[in-house]
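Structure, as structure tokens:
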Amino acid sequence: MNGAVAERVPLAADALIAEARAATGLSDFGPDLSFMTGFRRLVDAVEAMDPPAQLRETAHHKIVGLLATRLRFAEDERLHPDIVAQAVGDPLIVCGLPRTGTTITYDLLCLDPAARAPREWEWYIPWPAPEEASFDSDPRIAQVQAIYENWLKHAPQLADIQRMDCTQPGECNHGMMLHFASTNFPAELGVPAFARWLQDVVPEGQYRTHKRMLQHFQWKGPKGRWTLKSPQHLMDLPGLVEAYPGAMLVWTHRDPVLTLSSLSSMIAGFLATVGGANDLKAIGRSVVDTWCAGMARATQARASDPAIEDRILDLAHRDIVVDPMATIGRIYDRFGLPFTDAHRARIAAFLTDNPAASRLGKHRHSPDQFGIDPGEVHERLAGYYARYGHLFDRA
């Protein structure tokens, strides 16, 4: 009927699976179906919001794409069992809350000629397997960069918050999307029910997917010592160390009140790109609940398991800002890695012409803007403040 409003078609898990199977011509997700728990949680969380059309369409496209990728991964593994026979070695992994200096630390570590870091475009569009010969000219680079440009069109403030270059080293939380267990979903879609699930539950099997992706990336792509980063690793340090017993972990520290305000501002920008909720206080509440839960979980894991504690080097945010070269040297000394002249030269060149410097001072935010109560954060993270408060910036 002319002028009638089109009926909204709810997202349904079985229909999304059927759509992914039809799109790929594949039906087998492989033997590990642990991702299905998060997948169904996400679908339910999207529907619980009764989202506007743009956000629903974005979620639909994203979910079907992830399911299709899982089908293709399973088919690759069936045809090429050598993929999962590969060792991935002992990765060097940066963790710590968002906005604590993790990015600059990660960038400097990735300048090591011996390092191999997944690029942002690899995490976002991981299939087909990247190839070394075309690694710097892969057509997915243009595809993902176009997504970034669209985000900036709708939320230009994102350029003042973080780099928007998909050829740079990317974060593991992008990869966790393939397991439907990522903090990216609340950041990019809202989905408060899914955020609450992540606060309460450690998703089973997420590091099997994570390791499988690293095997996929190194199969035909560049090789090297895996160098990784994600604050989300704090939510499951036991699972991380179980998957990578020789992992070398770098935990960066800064007053959480400052970091949670900054992260809330970034999420508000991402949600603006898809017509998501613009209730700043609700965003702040979700960020506080998510990361207080994650930090408390990580602090307890360290205190209760020497195998985790022994794998971690703690760094103050101010250390990497004031003397980045010496700080990288500390990391290499701690883990017995060679800090080569070639690596030092690359760091020196990077620091001379660092694009991140153009963002300094432009990102404006405050805890009050997002309803973040410093007293509540201090109370909920009392154990963290007591143990690591001496590492916070005092200026």
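What you see is a predicted model; the values in this text were computed from it and never measured.
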Nearest heavy-atom approach of Gly30 to Asp28 is N-OD1, 2.7 Å
What one should report as the nearest heavy-atom pair of Leu280 and Gln369 is CB-O, 3.7 Å
- prompt: Sub-3.5 Å donor-acceptor pair from the side chain of Trp123 to the main-chain atoms of Gly170, do we have one?
  reply: yes
Query raised in the report: Quick check: are there more than 12 heavy atoms from other residues, nucleotides or ligands sitting under 6.0 Å from CG of Asp165?
Result: yes
- Message: Measuring centre to centre across the rings, with the benzene-like ring taken for any Trp, is His233 within less than 6.0 Å of Tyr244?
- Response: no
Taking Val88 as the starting point, is it possible to reach Trp219 by hopping between hydrophobic residues whose side chains are less than 4.5 Å apart?
no
In this structure, CG of Asp305 is separated from CZ of Arg311 (nearest 0.5 Å) by 11.0 Å
Assess whether a salt bridge exists between Asp138 and Arg119, defined as any Lys/Arg side-chain N lying under 4.0 Å from an Asp/Glu carboxylate O. no
Separation between CD (Glu122) and CD (Glu120), nearest 0.5 Å, reads 11.0 Å
Fill in: Backbone of Pro128 reached by a side-chain donor or acceptor of Arg140 within 3.5 Å
yes
- Query: Using the ring of each side chain (for Trp, its six-membered ring), is His343 parallel, tilted or perpendicular to Phe339, with breaks at 30° and 60°?
  - Reply: perpendicular
Rounded to the nearest 0.5 Å, the OG1 atom of Thr102 sits from the NE2 atom of His253 at a distance of 12.0 Å
Here the pair of heavy atoms bringing Phe335 nearest to Leu249 is CZ-O, 3.5 Å
Set out, in order, the CA-CA distance, both residues' side-chain angles and the distance that settles side chain to side chain contact (heavy atoms under 4.5 Å, CB included) for Leu111 and Ile328, then state yes or no. CA-CA 11 Å; Leu111 293 173; Ile328 299 302; over 6 Å; no
* To do: Indicate yes or no: does Asp314 engage Arg302 in a salt bridge with an N to O separation below 4.0 Å.
  => yes
- Query: Does Arg297 come within less than 4.0 Å of Asp200, counting only side-chain N to carboxylate O?
  - Reply: no
Notebook entry, point to check: Does atom CD of Glu57 have more than 12 heavy-atom neighbours, drawn from other residues, nucleotides or ligands, at distances under 6.0 Å?
Noted result: no
The reported gap from CZ in Phe217 to CD in Gln86 (rounded to nearest 0.5 angstrom) is 12.5 Å
Notebook entry, point to check: If two hydrophobic side chains count as joined below 4.5 Å and joins carry through other members, does Phe392 share a cluster with Leu234?
Noted result: yes
ask   = How are the rings of His378 and Tyr385 set to each other: parallel, tilted or perpendicular (split at 30° and 60°)?
value = parallel
Contacts of Asp50 meeting side-chain hydrogen bond (donor to acceptor under 3.5 Å, both in side chains) (sequence neighbours excluded), chain-then-number -> Arg8
* With distance as the sole test, does Gln218 use its side chain to make a donor-acceptor pair with the main-chain N or O of Ala87 at under 3.5 Å? -> yes
Residues Asp90 and Met248: closest non-hydrogen pair is O-CE, 3.2 Å
Whether Thr227 side chain and Cys110 backbone form a donor-acceptor pair below 3.5 Å: no
ILVMFWY network linking Ile83 to Leu178, side-chain heavy atoms under 4.5 angstrom: no
Nearest heavy-atom contact between Leu11 and Val43 is O-CG1, 3.7 Å
ask   = Checking salt bridge (Lys or Arg N to Asp or Glu O under 4.0 Å) for the pair Arg72/Glu75: CA distance, chi angles, key distance, verdict?
value = CA-CA 5 Å; Arg72 288 168 169 145; Glu75 179 68 1; over 6 Å; no
inquiry  = Whether the side chain of Arg380 engages the backbone of Cys292 through a donor-acceptor N/O pair (distance < 3.5 Å, no angle test) should be reported.
reply    = no
Between Tyr384 and Tyr388, ring centroids under 6.0 Å: yes
- Evaluate the side-chain proximity of Phe185 to Trp197: yes if any heavy-atom separation is below 4.5 Å, no if none is. no
Worksheet item: Backbone N or O of Ala348 within a donor-acceptor pair of the Thr352 side chain at under 3.5 Å?
Response: yes
| Where do Thr290 and Gln199 land on the side chain to side chain contact (heavy atoms under 4.5 Å, CB included) test, with the steps shown first? | CA-CA 5 Å; Thr290 294; Gln199 294 159 21; 3.0 Å; yes
**Message:** How about CZ on Arg41, more than 12 heavy atoms from neighbouring residues, nucleotides or ligands closer than 6.0 Å, or not?
**Reply:** no
Q.
Please tell me whether Asn173 and Ser230 have a donor and an acceptor in their side chains that are separated by less than 3.5 angstrom.
A. yes
Rounding to 0.5 Å, atoms CD1 (Ile308) and CG (Leu237) come to a distance of 5.5 Å
Report task. Report yes or no: do Ser34 and Asp32 form a side-chain donor-acceptor pair below 3.5 Å? Result -> yes
Thr259 (side chain) donor-acceptor with Pro256 (main chain) under 3.5 angstrom | yes
Crowded around Glu379 CD? As in, over 12 foreign heavy atoms under 6.0 Å? no
Q. Ignoring hydrogens and geometry, is there a side-chain-to-backbone donor-acceptor pair from Arg212 to Phe73 under 3.5 Å?
A. yes
Distance col, row Lys223:NZ vs Arg116:CZ, nearest 0.5 angstrom, shows 8.5 Å
Do the two ring centres, one from Phe194 and one from Phe180, sit under 6.0 Å apart? no
Answer whether the closest heavy-atom distance between the side chains of Ser182 and Gln232 falls below 4.5 Å.
yes
Heavy-atom closest pair (Ala68 atom, Ala20 atom, distance to 0.1 Å) is N-CB, 3.8 Å
Exercise for review: Would you indicate whether Glu242, at its atom CD, is surrounded by more than 12 heavy atoms from other residues, nucleotides or ligands within a distance under 6.0 Å?
Suggested key: no
Notebook entry, point to check: Strictly by modelled atom types, are Trp127 and Asp76 linked by a side-chain donor-acceptor pair under 3.5 Å?
Noted result: yes
